[in-house]
Amino acid sequence: MIEVLYFAWVRERIGLPREKLETGATTVADLVDELRAREPRYAAAFADISALKVALDQELSSFDAPLAGVREVAFFPPMTGG
Amino acid sequence: MIEVLYFAWVRERIGLPREKLETGATTVADLVDELRAREPRYAAAFADISALKVALDQELSSFDAPLAGVREVAFFPPMTGG
Amino acid sequence: MRVAVQSAPFDVGAEVTAFTSGVRGAGAVVSFAGLVRDEGGDLSGMEIEHYPGMTEKAILGIVGQAVDRWSLKDALVIHRHGALKPGEAIMMVATAALHRMDAFAAAEFLMDYLKSRAPFWKREIRAGGDAWVAAKEADEDALKRWE
Amino acid sequence: MRVAVQSAPFDVGAEVTAFTSGVRGAGAVVSFAGLVRDEGGDLSGMEIEHYPGMTEKAILGIVGQAVDRWSLKDALVIHRHGALKPGEAIMMVATAALHRMDAFAAAEFLMDYLKSRAPFWKREIRAGGDAWVAAKEADEDALKRWE
């Protein structure tokens, strides 16, 4: 069981801020493929992952990172703080 | 008639903050030579002009600048504001 | 060293006063504040989303790096989330060091980081509609000077 | 744009608040304050001499340059003279611009100028005796980055 969070326009396109998932994905990229296959709103949100960032357990990571042991995955556009 | 001002340790060595002088000097360097010749305290203050700066009518200038038309000459060490 | 992520407005000057009086032995204090622009009335406000849990931890990490790298006497980051009005402070940083070069460099480093690495997303509320602020390449490039 | 050369103490934060609330349309406000260090109790105070007449004129000139070069919305310089105690603010600058890079660059430029070109001379009052502060080569070098 993994918790997946969405922020900013990723959250808007998918239509929810977070969800719990059962997944067999071994990397972030695998998880993205699984999500894309679910529904068009996921496919739309993940159409171009070069426009997205990912954090694993609240640390910035990359799409080829392994998911083993990870409890929280977050997807979001590049940050615009400051 | 020219007004000559001294600041910081130049003022302390000469022992006064300002004085009015009659001078035939045509450049700042000439004026420094005149002052050095007056008394040992002036010679001490102007011993090393590379350690000094000069302002003419309240604008930073240089020791080879002409004095024609200048009303106020100020001698001081490098500034240490901020 | 203090990091605050909050929805409440804050007074930049009051924070600078408190920060300055709490520092011992510093010769230089730099502050930066980011304000909501009004763009001639076109921008009526801003909404800031963040990632609770990650935000403060991420900022504390980078503040720690800045303190070590520039021997800071102290550092402060305040960043708002939620609804903001034109003219209000979005965020601020303050740094205190013995010498001005260190205080300036650390403040700029913290700002560059907060622009591109802290999990905040700005949405501008405009007469013509709302829009997420796009990340700027210049902000990503600015980070490279600290590598 | 305001330049004040004064013997009276001032509150850096209160000045930042007044400066920020007086600026229209800025996105970035940077402030710098220089404080009298205490150096573990060795330094009991500071005396600052200046050149009345030249000081404000010289600072106004450089502030005008900064406003033009970085399209500043506003700029402020306050510099004290006379007797100062440890912990007190010696001087401050504040700059306001649309973007942070301009506000930072202008504040650093003003500081580099004030260190080496504004007619102030600091004298440190120490347990072991008083001494004029010597100009630093690093401060002179810092000016070169703006040429």
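So you know, we letter chains A, B, ... as the sequences are listed, proteins then strands, and number each from 1. We use all heavy atoms of the structure for the numbers below, so side chains are in, but hydrogens, waters and symmetry mates are not.
With a 4.5 Å cut-off on non-hydrogen atoms, C:M101 touches chain D through its side chain but not through its backbone. Of the two parts of D:L43, neither the backbone nor the side chain holds a non-hydrogen atom closer than 4.5 Å to a non-hydrogen atom of chain C. Neither the backbone nor the side chain of C:I90 has a heavy atom closer than 4.5 Å to any heavy atom of chain D. For D:A14, the part lying near chain C is the backbone, with the side chain staying farther off; criterion is any non-hydrogen pair under 4.5 Å. When heavy atoms are compared at a cutoff of 4.5 Å, D:A107 approaches chain C by way of both its backbone and its side chain.
Within the structure, the ring-ring contact (aromatic ring centres under 6.0 Å, His included) test picks out the following pairs touching residues 17-44 of chain D (sequence neighbours left out): C:F104-D:F32.
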Under the criterion side chain to side chain contact (heavy atoms under 4.5 Å, CB included), I'd like the reasoning laid out for C:L35 against D:V29: C-alpha separation, chi angles, the key distance, then a yes or no.
CA-CA 8 Å; C:L35 312 176; D:V29 172; 3.9 Å; yes
Which donor-acceptor pairs lie under 3.5 Å between chain C and chain D?
unit_1, atom_1, unit_2, atom_2, d
C:D11, OD1, D:T17, OG1, 3.0
C:G13, N, D:T17, OG1, 3.4
C:T17, OG1, D:D11, OD1, 3.0
C:T17, OG1, D:G13, N, 3.4
C:G27, O, D:L35, N, 2.9
C:V29, N, D:A33, O, 2.9
C:V29, O, D:A33, N, 2.8
C:S31, N, D:S31, O, 2.8
C:S31, O, D:S31, N, 2.8
C:S31, OG, D:S31, OG, 2.5
C:A33, N, D:V29, O, 2.8
C:A33, O, D:V29, N, 2.9
C:L35, N, D:G27, O, 2.9
C:R37, NH1, D:L98, O, 2.9
C:L98, O, D:R37, NH1, 2.9
C:R100, NE, D:D112, OD1, 3.3
C:R100, NH1, D:D139, OD1, 2.9
C:R100, NH2, D:D112, OD1, 2.7
C:R100, NH2, D:D139, OD1, 3.3
C:D112, OD1, D:R100, NE, 3.3
C:D112, OD1, D:R100, NH2, 2.7
C:D139, OD1, D:R100, NH1, 2.9
C:D139, OD1, D:R100, NH2, 3.3

